[in-house]
Protein chains: 2
Amino acid sequence: MVDPFAPVPAYIQLADALAERIKSGSLRKLMPIPSETSLQQEYGVSRGTARHAVALLRERGLVFTVQGRGTYVGKPPNA
Amino acid sequence: MVDPFAPVPAYIQLADALAERIKSGSLRKLMPIPSETSLQQEYGVSRGTARHAVALLRERGLVFTVQGRGTYVGKPPNA
DNA sequence: GCGGATTTGTACGTATGTATG
DNA sequence: GCATACATACGTACAAATCCG
């Protein structure tokens, strides 16, 4: 759960939490991370904030996203 | 003016239009690009879409942003 | 092929916080 | 104090892609 009163923005807290779950191995390579709506409920944030957090992970190269499928840990298999 | 019916998203149309204005020299280095609210009115999009477009230009290294000041063409003078 | 469910993508709106001038 | 501008966060709605029965 994200702390809405913390000085660090919710989307960063969420991104860090997910990065930790990946680093710890609880989310493994090529496995899907929770959907945006799941993150919304699990962490008590809006979908926009969840999307923002996932976008950060994408910029860091930790995950890749496929429309209609989901977001996965690691780098895209092909291309 | 952005075409909301075009297959290419509004924020990409806007980013491309701004990139063109920079490339053509109508927006010159270290000069501020129009504010988000200006872009909003000039191109008939919402502020969120204007912000999205500017974020793209930032990722491409075409502009840099200073909170409370504005967004400028080129790279940050210092640092 | 079709329809429904799921998931991400786009676009809009509003409110509030923070920083600068 | 006020105006401007960016940052964060919430909400809604619909589109597009995918998957499955």
Side-chain angles (χ1 to χ4, degrees), chain A residues 1-18 21-22 27 30-79, chain B residues 1-18 27 30-79:
Chain A
M1 199 58 131
V2 147
D3 176 12
F5 302 113
V8 47
Y11 76 92
I12 292 186
Q13 292 182 55
L14 178 47
D16 288 346
L18 290 174
R21 285 171 68 174
I22 292 172
L27 290 173
L30 297 189
M31 295 303 289
I33 71 174
S35 73
E36 296 172 352
T37 32
S38 295
L39 294 175
Q40 208 177 144
Q41 297 166 347
E42 290 178 29
Y43 289 90
V45 296
S46 75
R47 194 188 150 202
T49 301
R51 283 182 59 75
H52 201 161
V54 172
L56 267 192
L57 298 181
R58 208 158 36 228
E59 287 174 19
R60 295 185 197 166
L62 286 177
V63 300
F64 64 95
T65 296
V66 182
Q67 179 172 0
R69 299 276 297 269
T71 297
Y72 301 83
V73 179
K75 285 173 291 185
N78 58 341
Chain B
M1 196 61 129
V2 149
D3 177 12
F5 302 113
V8 47
Y11 75 93
I12 292 187
Q13 290 182 58
L14 178 48
D16 288 345
L18 290 174
L27 288 173
L30 298 189
M31 295 303 289
I33 71 174
S35 73
E36 295 177 350
T37 32
S38 295
L39 293 175
Q40 208 176 145
Q41 297 164 347
E42 290 179 29
Y43 289 89
V45 297
S46 76
R47 192 183 150 204
T49 300
R51 286 183 54 73
H52 202 162
V54 172
L56 266 192
L57 297 182
R58 207 159 35 229
E59 287 174 19
R60 295 184 198 165
L62 286 178
V63 301
F64 64 96
T65 296
V66 183
Q67 179 169 357
R69 298 280 298 272
T71 298
Y72 301 85
V73 179
K75 285 174 292 185
N78 58 343

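Keep in mind that what you see is a predicted model, and the values were worked out from it rather than measured. So that the names make sense, note that chain A is the first sequence line, chain B the second, and so on, each numbered from 1.
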Checklist outcome for this item: Walking DNA chain D from its 5' end, the first of A:Gln13 and B:Arg47 to be reached, judged by nearest nucleotide, is B:Arg47
Item to check | For atom CZ of B:Arg58 and atom P of D:dA5, their distance in whole Å | outcome: 15 Å
Checklist entry - Tell me, do B:Tyr72 and B:Val66 make a side-chain contact under 4.5 Å, heavy atoms counted? => result yes
Item to check | Distance, nearest 0.5 Å, that separates CD of A:Gln41 from OG of A:Ser35 | outcome: 7.5 Å
Next on the checklist: Expressed as a whole number of angstroms, how long is the span from A:His52:NE2 to D:dC10:P?
Outcome noted: 12 Å
Item to check | Residue B:Thr65, side-chain heavy atoms: nucleotide from C:dG9, D:dC10, D:dC6 that is nearest | outcome: D:dC6
Checklist entry - A:Gln41 has an atom CD; how far is it from atom C1' of C:dT6, in whole Å? => result 13 Å
Next on the checklist: Nearest whole Å is fine: how far is C:dT10 P from B:Leu14 CG?
Outcome noted: 14 Å
Checklist entry - Within this structure, what is the CG-to-C1' distance between A:Leu57 and C:dT8, rounded to whole angstrom? => result 15 Å
Item to check | Side chain of A:Arg51 - closest among D:dG11, D:dC6, C:dT10 | outcome: C:dT10
Checklist entry - Taking for each residue the nucleotide of DNA chain D with the nearest heavy atom, is it A:Val66 or A:Thr49 whose nucleotide lies nearer the 5' end? => result A:Thr49
Next on the checklist: What's the separation between atom OG1 in A:Thr49 and atom CD1 in A:Ile12, rounded to the nearest 0.5 Å?
Outcome noted: 11.5 Å
Checklist entry - In whole angstrom, what separates B:Leu39's CG from C:dC12's P? => result 13 Å
Item to check | Rounded distance in Å - CD (B:Glu36) to P (C:dC12) | outcome: 14 Å
Checklist entry - Can you find a pair of side-chain heavy atoms, one from B:Leu18 and one from B:Leu56, that are under 4.5 Å apart? => result no
Next on the checklist: Could you tell me how far apart B:Gln67 (CD) and C:dT16 (C1') are, to the nearest whole angstrom?
Outcome noted: 13 Å
Protein N or O to nucleotides 19-21 of chain D N or O, pairs below 3.5 Å:
residue	atom	partner	partner atom	Å
D:dC19	OP1	A:Arg69	NE	3.0
D:dC19	OP1	A:Arg69	NH1	2.8

